Each structure stands twice: as structure tokens, then as C-alpha cells.
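Here's the structure we're looking at; comments come further down.
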Amino acid sequence: MSDTATKKLMLTFPRWERKKPIIYHLVKDHNLVVNVYRAQITPEAEGHLVLDMTGTKEDIKRGMDFIRTFDVTINETGKGVMRDADNCTHCGHCVVHCPTGALFISDTRTREVGYDETDCIECLACIRVCPYGACSSAF
Amino acid sequence: MKTYQQINDRIESGKAVVLTADEIIDYVDQKGLEAAAEEVDVVTTATFGPMCSSGCFLNFGHSKPKIRMSEAWVEDVLVYTGVAAVDVYLGATQLRHGDPANMYYPGEFRYGGGHVIEDLVAGKTLQLFALSYGTDCYPLREIRTYFSIDDLNQAIMVNPRNCYQNYNVAINDSDKTVYSYMGCLEPRRKNVNYCSAGQLSPLLNDPSYDVIGVGTKVWMAGAQGHVYAEGTQHAGGCERTPGGVPIGGAGTLALTGDMKQMRPEFVRGVSFRGYGISLGLGVGVPIPILNPDVLKRTCVRDRDILAPVVDYSKEYPENTGKVICHVNYEQLRSGEIEVEGKKVAAGSLSSYHMALEIAHILADEVRRGDFRLAEPIAPLPKDTVMKPLVAREKP
């Protein structure tokens, strides 16, 4: 399993693609373990999905090729939540609300708030609590 | 013993020894109090956090023909016009016209007075809409125009209450989320929020108001402002530790400064979900080291400062005055405190990071000779207490 990898994606579905069972096929046909962070599929509206796929590099490549057969916009940075460091005042209010420690005090003396996006599960708690609007969501 | 004049002479000559309230603790430990008091001229203190009782007077100048504004909005945020013709007061907590507030609870409060102040300082172009009833001398009855801070004759921040000496630690005893001016409080005591720069905070470094008074010069978001009065709700006569540090709100400062000299990163609009709008403001106060006693008080440490833990689901709104317990800022900054045997996550609304930056900026300005100190013209009251509002049935 040394060639196993995980790839995080954000997919944007136009209205005409939203009914297709893409994740089902990623799991069944391409042997991928799919972890959905966040989804917003609204009838008659554009849809959004943030997920990661774990599998062999070959399976991930085949899965990516499969997704590309749809009219879906793929954001390979996989970031549905953004933190604007310039807007952050480092008050630390977000830190206790972040369930995974993606937001953390990176320096205990200067109380600087750090952000490790790989730990972010897109629960949106930071967006709810940040008084300065430093965190925002793509959808 | 030193005088203000001697300290200012040393600042003028570029020889002043200046340390931050963070640095002075170890410095005095190493040097000893008496020797350090001889050597050090100024200790800089600072804070950055939401300061709701903030706002500014703006003067727009006169249009042709002239208008005596009787109602006015900047970016659809109502401003107070009950002053002279083209003067207005813009308050930090004012909501934007049409904001649904908490109609769809918890409201988002995305834009209001604090954000207008931020945008003004950032030099953005804003919309003014004003109405009038028309007079012989001010015939214009309506104006809509666009302006930036450079177009204004004056933009003077006048804040009735800033720099609370100490503050509550908010907790939620109920089983539903509390949205407050102390941030988001999860149910069943899952988290607490505090709001103080602790050992860096101005009035905690001068707990009995021996050197900070009316007339003290302050660093106000980069501008050189001053204390114009005791702040509203100033209550110097509160309970204190044996070391003289208040264990509740206590003192406050009324501050004023020229917004045209301010730096936008230290003037920030604040949105508290479910509560409303405020202004995040950075303030620095230099403490003149006149004698060893003044220096000793600037060596206050987070562990020496106690703050009351108060329930914001019932006790605070009902104004019962009940305090669950006291905790110190060292415990709060560890990220976890203990409340009646239960461990509770601790988060901050005040930015120690920004406060530290301000303390260093101010220290550099004093060292360079750009920031001289001012001797107070009147002391802050030491023994006043806060009176409640009594709802009386008859006059």
C-alpha cells in the first residue's frame, strides 16, 4: 500500500449535472475511499462538494479521469474554506471553536494564530465566530 | 525619582530607555527594582479589542447651497445630526439601515458603524445621504454625495469608554448557545471567552491611576490622542487583590484622536453574530517611570490578575452580579481553565498579538523621539462605584 495517497477536491456542479451519482462510481468502479467534508446540492441550483479520495495513485488517476468526463469544475486545492491572514487580528476566538485544531496558537508568547488547512474539515465554525470576517466559504 | 520634564528631555535627545510591559518583567527580575527604575524611562502598555463605546465626529464642510443636516446616513448607517449644520457623530454600534438584526436569529450583522469607521480610516470612498427640513439660512433639503476622509475638514474619534481595566470571563450555563458581545458561548460550559491584554493592558499596569489621568497622551491606532475624561462606567472603587489589582471591570478611559492620522490595521469593524456591531481598536499608553513604585506596578504578571467568571445565559442579562469564581490570565492564556471542577476551553476576544505589536511600535516611537509624554491635568477618580439604572414607577 506504499502508493496509497489522498487527494482533496472541491467540485462545482452545474444544474444539469447535479443528479448524477458520481461518488457512487468513484467508490464502486474505481475502488476509492471517499470522505465527504461538505456538500450543498440544491434542486435547480449549482451544487458544491468538498471531498477527499483515498486509494492507490492509479485508482486516484482513474477516478480523476472519470470526474473529468462530467461537466464539473474541479478545484484541486480542495479549499471550500479560506482564511485571509491579513484580515485576522489573532484574537484567538476561533481557536476554541475549531474542532480539529486547524486553527491554533502557533506561538504562545506572541499569541499568533496559525492555520493548517490540511486539518480543516470545513465545519464552518470559524466563519460563524470570527468577528473580523477573516474566514470565508466558497459556498 | 524622575519628572515628566526629565523623561521628555531624554526622549527628545533620543536617549530614553523604553521597554514594553511584557519585557519589563524579566528586566526588573534581573536588574532589581531600584536600579531598573533609575535606568528605565518609559514602559509601553497596549491593548487591541472590541471597544463598543467608540465613534467619531465628522465635519463635511458646506455644500452650495447650504444644508443643515437633520437626518443623515453614511453608507446607509445612521449618524447623529443633533449638533451643528454639517457635523455628525457616527457611532460604532449603529446598524446599517435595513439590517434585519436578530429577526433571523442569530443575525449576521455584516456591516455597521464600526465598519464605516474602518472604511473611513482605510481611505475608501463612502456615500453620504442627508435630509433637512430647510431653513432661510440653510435652504438645501437633500444631498447625496461621495467622499473620503481626505475630503472631510475633521474626522475626530471621540470614544466615551475604552480600555476597560479588567473584564468578565463569559461562560454559558444554559443548554443553548449564547450569542453575546463576548462572542459565541457554547452550551453547558463548553467554553469561556475573556477580553483583556492582561499584563500588557494599560490600566492593569497603573491599577490605582497614579500616572494615567485626564490629559495623558495615548497612541490611538497610530494617531497621537489623549485621555479627555474618565471613561463612562469608570468605577475605581471596586474590589481589588491585596496587590491593588481590580478583580472586576473598574477603570475606563475616554479617548480622542485624529482619525486622519490612524492606521487602518488598528481600526477594524467587528461583527458579533447574534449580537451586533462594534469597533476593534488598538490603543497604546506609555507609562512614565517616575519612581520605583510606578515601575513595580508595571511588572504585573498575568498570574497576578484575576477576572470574574460570569454566566451570560442568566446572571449577566438579569444583572444579578453573581460570580461563579475567579481565574487568572495565565490560566486563561493556557487555553483551558477549571470552573467548579470542570475543565473548560478558554478563548480570547482581545488580541494579545496586536497589543504586543502596538507596545513595540509605541516603544520605537518614544525611542525615536517621535512620541513625547504628557503630564495629566487631572487624576482619574479612585473611589467611585457604578450605579444601576432603577426602573421607577413614579417620578
Side-chain angles (χ1 to χ4, degrees), chain A residues 37-38 40 42-43 45-46 48 50 79-139, chain B residues 22 48-50 106 108-111 114-115 118 177 179 181-186 190-195 197-198 200 264-282 330 332-337 344-357 360:
Chain A
Y37 290 74
R38 192 153 66 100
Q40 181 175 294
T42 309
E46 188 178 76
H48 304 272
V50 179
K79 283 191 283 188
V81 169
M82 273 74 65
R83 173 173 174 266
D84 180 351
D86 292 338
N87 250 341
C88 177
T89 67
H90 305 274
C91 65
H93 186 218
C94 56
V95 171
V96 294
H97 294 277
C98 179
T100 61
L103 289 155
F104 56 98
I105 302 292
S106 61
D107 182 329
T108 53
R109 188 171 171 274
T110 68
R111 311 294 299 171
E112 187 169 352
V113 174
Y115 175 56
D116 184 348
E117 65 184 45
T118 58
D119 286 337
C120 175
I121 57 166
E122 307 215 354
C123 68
L124 310 185
C126 52
I127 295 171
R128 192 165 51 97
V129 302
C130 177
Y132 298 96
C135 295
S136 58
S137 169
F139 61 93
Chain B
D22 176 67
F48 179 95
E108 291 188 37
F109 302 98
R110 288 192 182 180
Y111 193 88
H115 302 90
E118 173 182 332
T177 302
Y179 296 94
Y181 71 89
M182 288 296 287
C184 178
L185 300 164
E186 304 286 354
K190 194 172 172 210
N191 69 309
V192 296
N193 287 330
Y194 63 98
C195 191
L200 259 187
E265 63 267 42
F266 299 108
V267 184
R268 299 289 309 279
V270 170
S271 297
F272 282 122
R273 183 171 289 237
Y275 174 75
I277 306 289
S278 187
L279 182 75
L281 184 68
E330 188 175 271
L332 288 162
R333 284 196 212 294
S334 75
E336 191 176 77
I337 61 166
V344 184
S348 174
L349 291 168
S350 170
S351 171
Y352 191 86
H353 182 79
M354 297 273 279
L356 201 56
E357 187 183 349
H360 281 287

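Only a predicted model underlies this, so the values are computations on that prediction, with no experimental measurement involved. Numbered from 1 within each chain, the chains take letters A, B, ... in sequence-line order.
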Output yes when a side-chain donor or acceptor of A:Thr89 lies under 3.5 Å from a complementary backbone atom of B:Ser351, and no otherwise.
no

Could you tell me which portion of B:Tyr194 (side chain, backbone, both or neither) has an atom closer than 4.5 angstrom to a non-hydrogen atom of chain A?
side chain

On a heavy-atom basis, which atom in A:Tyr132 and which in B:Gly280 lie closest, and how many Å separate them?
OH-CA, 3.8 Å

Check step by step if side chain to side chain contact (heavy atoms under 4.5 Å, CB included) holds for B:His353 and A:Asp107.
CA-CA 10 Å; B:His353 182 79; A:Asp107 182 329; over 6 Å; no

Identify which part of A:Cys94 has an atom lying under 4.5 Å from any heavy atom of chain B, answering side chain, backbone, both or neither.
neither

Mind checking the CZ-CG spacing from A:Arg109 to B:Leu356? Nearest 0.5 Å is all I need.
5.5 Å

Cut-off 4.5 Å, heavy atoms of chain A, and the answer for B:Ala346 is backbone

Looking at A:Arg128 and B:Tyr179, what are the two nearest heavy atoms and their distance?
NH1-OH, 3.7 Å

Tell me, side chain or backbone of B:Phe48 under 4.5 Å from chain A's heavy atoms, or both, or neither?
side chain

Using a cut-off of under 4.5 Å for heavy-atom pairs, which of B:Ser271, B:Ala345, B:Gly347 has the most such pairs with chain A?
B:Ser271

Do side-chain atoms of A:Arg111 reach the backbone of B:Arg333 as a donor and acceptor pair under 3.5 angstrom?
yes

Might you point out which heavy atoms bring B:Leu349 and A:His93 nearest each other, and give the distance in Å?
CD2-CG, 3.7 Å

Can you find a heavy atom in the side chain of B:Arg268 that is under 4.5 Å from one in the side chain of A:Asn87?
yes

For the candidates B:Lys190, B:Arg110, B:Met354, which exhibits the highest count of non-hydrogen atom pairs separated by less than 4.5 Å from chain A?
B:Met354

Between B:Asn191 and A:Val96, the two heavy atoms sitting closest are ND2-CG2, 4.2 Å

